[in-house]
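Report on the structure given below.
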Amino acid sequence: MRWSQIFIPTLRDDPADAEAISHKLMLRAGLVRQLAAGVYSKLPLGFRASRKVEAIVREEMERIGAQEFHLPVLHPGELWKESGRWFDIGDEMFRLKDRRQGDYCLGMTHEEVFTAIARDELRSYRQLPQIWFQIQTKFRDEARPKSGVLRGREFVMKDSYTFDVDFAGLDVAFDKHAEAYRRIFARCGVRALAVQAASGAMGGSESVEFMSVSDAGEDWTVTCASCDYAANLEKATSVVSSVDDPREEPGDIEKFSTPGIRTIEALAAFDENASAQRQIKTLVYSVDDQVTLFLLRGDHTLNEVKLAEATGVANFRAATAEECREALGALPGSLGAAGIAELPIYADDALKGRRGMVTGANEDDFHLRNVSVERDLDKLQWASLREVVAGDRCVHCGNELAVQRTIELGHIFKLGLRYSEAMKLTVLNDQGREVPVVMGSYGIGIERLLAAVIESYHDDNGIVWPWSVAPFHIVVTPISLKNADAMQKAEGIYHELQKDYEVLFDDRDERPGVKFKDADLVGVPLRIVVGPKGLEKGVVELFERASQQKEDIPLDRVFDEVRACAARLAEVEPR
RNA sequence: CGGGGCGUGGCUCAGCUUGGUAGAGCACCUGGUUCGGGAUCAGGGGGUCGCAGGUUCGAAUCCUGCCGCCCCGACCA
């Protein structure tokens, strides 16, 4: 491709509204342009890179026996009402009406449509398992699109769905996907951590996210340096640091006056025996309109995703001060669970076995001491509620945990029967009995993966594409269009290399500096500079983008050298 | 949805406090000199200052409302 004939509008300055590195570079290198918040047009270079990623995804999906579909993006509301999600999902779904006032929506994911096809067509366990996938645009009206293509409202996703007769089959399908995902990310040059994740409103039993460590990410991932434990912060657990409790069961609960004390810190400062670790933090939420208490150690923080997992309810909010007073008789700051029998109470694991604790007395300006969790609190439901912090200990090996920002590249779910039951997708099993099909669903965000690649592969001069997803492998740069000899040699090299590689020929009438800057910005892995200086000695310059190494190559060795470089560059360790 | 910021040629920004003929650099067009890491000189084209209303003799500038975009948080099948 001649540079003069491909549209690559590079930008000299950083765009004003871009913050994330990948966002800046995608704009500057002329990969994308923004149309609206979270909506981007792919320009030729961006589209090429995107298709490279898609090709890898396609190959690896086909390797595990997946079949490619292409489903509509316009969905009848009816289908989503069947699964119930029409009502569960709020403003994040783009909804519209047709001319007859019928409900429609734009697909934010495709469980419903794939399940409907399966329901219409699958009758027997003999037709299973099936692995179906597509690479299709999704629409989600995100409350806050951000970081360019990292979180858009319209984006391309590879989504796949598996159908099995039983849960053992689902496990197989799930593992196949995990393996395919590992290969996909590795081939794109990205080191992806497989981490335990919360399933959220998706339902289902188990889910794993694939994360790339990056400051541009929005998720927090907990990892253990010594074993392979890794989990989303929303799911992560840790060993509780030990606390010096009294050996003996303390005396009876004792109420004491704490005038004006409203916070954990204030109480710790007020009473030397009430350090944060020795307090029970009582949080009150309205969970599906039911006032519910959540107990944590004073120095721990509640993670609301864990709250949702523990209660199985997505509809919750912190209770108002007034609701607290009504239910417990006191305002926040003096709340406690002692003597409360009629409200559901969830307690974090870290409170197990604790004694001699301090907590609110449900009377303003009073607290209780000598509270023993198991002795004095009724009907506790134990759960992991607290948020892990860096430095906590790993539950598997006891070593220190780290918390890092990560980009979620993919997410795989064991859906189980959630959709097949709701939408009546059944087959006859080998006993002739009608059974619901066991499903899984699996997604990879294509543009997000591309952005993650750039987050991992760039330097001060621009993008440094890994060979596998580079929109072009090589750029042939003649120094001057006026030098006939150089132009002719450059053309020759360009034509020859094109047989095996994707090559750009920078035939623009620009000064060399401009061409070099652009080539660097755009990130072409190899550059061959053809100029009079070199040709006098019978050489051209081979420049490797990643290492910035230049080497003079005799004209007759160009193809061999390129081949060697290409082979080496194709074998990069994921980062 | 809460908080903050921004909206001025294609891009990056100045001008706004204190109202008075819309600016710079880059990009673009013409010509010259240049040509191995974003050249330079001369000339030139291009802007309803986000939109609407108001105040004023006069508004990019002050006031009100709306829209859009970015950032933090909440949210995130």
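The chains referred to below are lettered A, B, ... by the order of the sequence lines, with proteins before strands, and numbering in each begins at 1. These values consider heavy atoms only, across backbone and side chains, with no hydrogens, waters or symmetry-generated copies.
- A salt bridge between A:Glu54 and A:Lys158 is absent, with no side-chain N of the basic residue lying under 4.0 Å from a carboxylate O of the acidic one.
- By the 6.0 Å and 45° rule, A:Arg95 does not stack over the aromatic ring of A:Trp80.
- For the pair A:Arg151 and A:Glu447, the salt-bridge criterion is not met [side-chain N within less than 4.0 Å of a carboxylate O].
- Checking B:rA27 for Watson-Crick or G-U wobble geometry (two distances, each under 3.5 Å) identifies no partner in any strand.
- Taking atom CZ of residue A:Arg511 and atom C1' of nucleotide B:rA39, one finds them 4 Å apart after rounding to whole Å.
- The side chain of A:Lys517 has B:rG37 as its nearest neighbour among B:rG37, B:rC72, B:rC35.
- Set against B:rU12, B:rG36, B:rC71, the side chain of A:Pro532 has B:rG36 as its closest nucleotide.
- The same atom, P, is picked in B:rG2 and in B:rU61; the two are 27 Å apart, to the nearest Å.
- Look at the P atom in both B:rC57 and B:rC26: the space between them is 43 Å, to the nearest Å.
- Taking atom CZ of A:Arg317 as the reference point, atom P of B:rC1 lies 19 Å away to the nearest angstrom.
- Comparing the C1' positions of B:rA60 and B:rU18 gives a spacing of 15 Å, expressed to the nearest Å.
- Distance from the side chain of A:Pro15 is smallest for B:rU12 among the nucleotides B:rU12, B:rC70, B:rC69.
- Pairing for B:rG45 is absent, with no Watson-Crick or G-U wobble pair whose two atom distances lie under 3.5 Å.
- As rounded to whole Å, 13 Å separates atom P of B:rA39 from atom CD1 of A:Ile479.
- Spacing of C1' atoms, B:rG9 relative to B:rG4, comes out at 29 Å, to the nearest Å.
- For A:Arg527 and B:rG37, a side-chain-to-base donor-acceptor distance below 3.5 Å is present, hydrogens and geometry of angles not being considered.
- For B:rG65, the paired nucleotide is B:rC51, the pair qualifying as Watson-Crick or G-U wobble because both relevant distances are below 3.5 Å.
- Backbone-only engagement by A:Ser147 is indicated by non-hydrogen atom pairs under 4.0 Å involving sugar-phosphate atoms exclusively.
- Rounded to an integer number of Å, the gap from A:Arg140 CZ to B:rC75 P is 17 Å.
- At a cut-off of 3.5 angstrom, the base of B:rC76 holds at least one donor-acceptor pair with the side chain of A:Arg151.
- For the pair A:Asp509 CG and B:rG36 P, the interatomic distance rounds to 13 Å; values are reported in whole Å.
- Each of B:rC71, B:rC69, B:rC26 was ranked by its minimum atom distance to the side chain of A:Ala37; first place goes to B:rC69.
- In terms of position along RNA chain B, the nucleotide closest to A:Gly534 lies nearer the 5' end than the nucleotide closest to the other residue of the pair A:Gly534 and A:Glu304.
- Put simply, the residue from A:Ile479, A:Leu555, A:Leu535 that forms a side-chain contact (heavy atoms from CB on, under 4.5 Å) with A:Val530 is A:Leu535.
- Applying the Watson-Crick and G-U wobble criteria (two distances, each under 3.5 Å), B:rA22 pairs with nothing in any strand.
- Among B:rC69, B:rC72, B:rG38, the nucleotide with an atom closest to any side-chain atom of A:Asp518 is B:rG38.
- Nearer to the 5' terminus of RNA chain B, by closest-nucleotide assignment, is the contact made by A:Gly148 (compared with the other of A:Gly148 and A:Ile89).
- Under 3.5 Å, the side chain of A:Glu510 and the base of B:rG38 form no donor-acceptor pair of N or O atoms.
- The P atoms of B:rC6 and B:rG43 are separated by 37 Å, rounded to the nearest whole Å.
- No engagement by A:Ala18 is indicated, since no non-hydrogen atom pair under 4.0 Å with the nucleic acid exists.
- Of the listed nucleotides (B:rC35, B:rC11, B:rC71), B:rC35 has the atom at the smallest distance from the side chain of A:Lys482.
- The CG atom of A:Asp506 sits 15 Å away from the P atom of B:rG36 (whole-angstrom rounding).
- A:Phe543 carries A:Arg527 over the face of its six-membered ring, with the cationic atom under 6.0 Å from the centre and within 45° of the normal.
- Across B:rG36, B:rC70, B:rC76, the shortest atom-to-atom separation from the side chain of A:Glu142 is found for B:rC76.
- In this structure, A:Phe139 reaches neither bases nor backbone, as no heavy-atom distance under 4.0 Å exists between it and the strands shown.
- When the side-chain nitrogen and oxygen atoms of A:Gln34 are compared with OP1 and OP2 of B:rC70, one or more of them lie within a distance under 4.0 Å.
- Taking 4.0 Å as the cut-off between side-chain N and carboxylate O, A:Lys235 and A:Glu309 count as a salt-bridged pair.
- Residue contacts for A:Asp520: at a heavy-atom cut-off of 4.0 Å it reaches a base atom on one of the strands shown.
- Set against B:rA27, B:rC70, B:rC76, the side chain of A:Asp17 has B:rC70 as its closest nucleotide.
- The side chain of A:Ala16 sits closest to B:rU12 out of B:rC71, B:rG36, B:rU12.
- Ring centers of A:Tyr161 and A:His177: at least 6.0 Å apart, outside the cut-off.
- For the pair A:Lys515 and B:rC35, the criterion of a side-chain N or O lying under 4.0 Å from OP1 or OP2 is not met.
- Comparing the P positions of B:rU56 and B:rG44 gives an interatomic distance of 41 Å, to the nearest angstrom.
- The distance from atom CG of A:Leu481 to atom P of B:rU34 is 17 Å, rounded to the nearest whole Å.
- Taking the charged nitrogens against the carboxylate oxygens, A:Glu206 and A:Lys414 do have a contact shorter than 4.0 Å, which makes a salt bridge.
- At whole-Å resolution of the value, CE in A:Met93 and C1' in B:rC76 are 14 Å apart.
- In this structure, B:rC1 and B:rG73 make a Watson-Crick or G-U wobble pair, each of the two defining distances being under 3.5 angstrom.
- Using a 4.0 Å cut-off between charged side-chain N and carboxylate O, A:Glu323 and A:Arg317 make a salt bridge.
- Closest to the A:Arg144 side chain, of the nucleotides B:rG36, B:rU12, B:rA74, is B:rA74.
- With both ends at atom P, the span from B:rA42 to B:rU55 equals 48 Å, rounded to whole Å.
- A gap of 14 Å separates the P atoms of B:rG5 and B:rC63, to the nearest Å.
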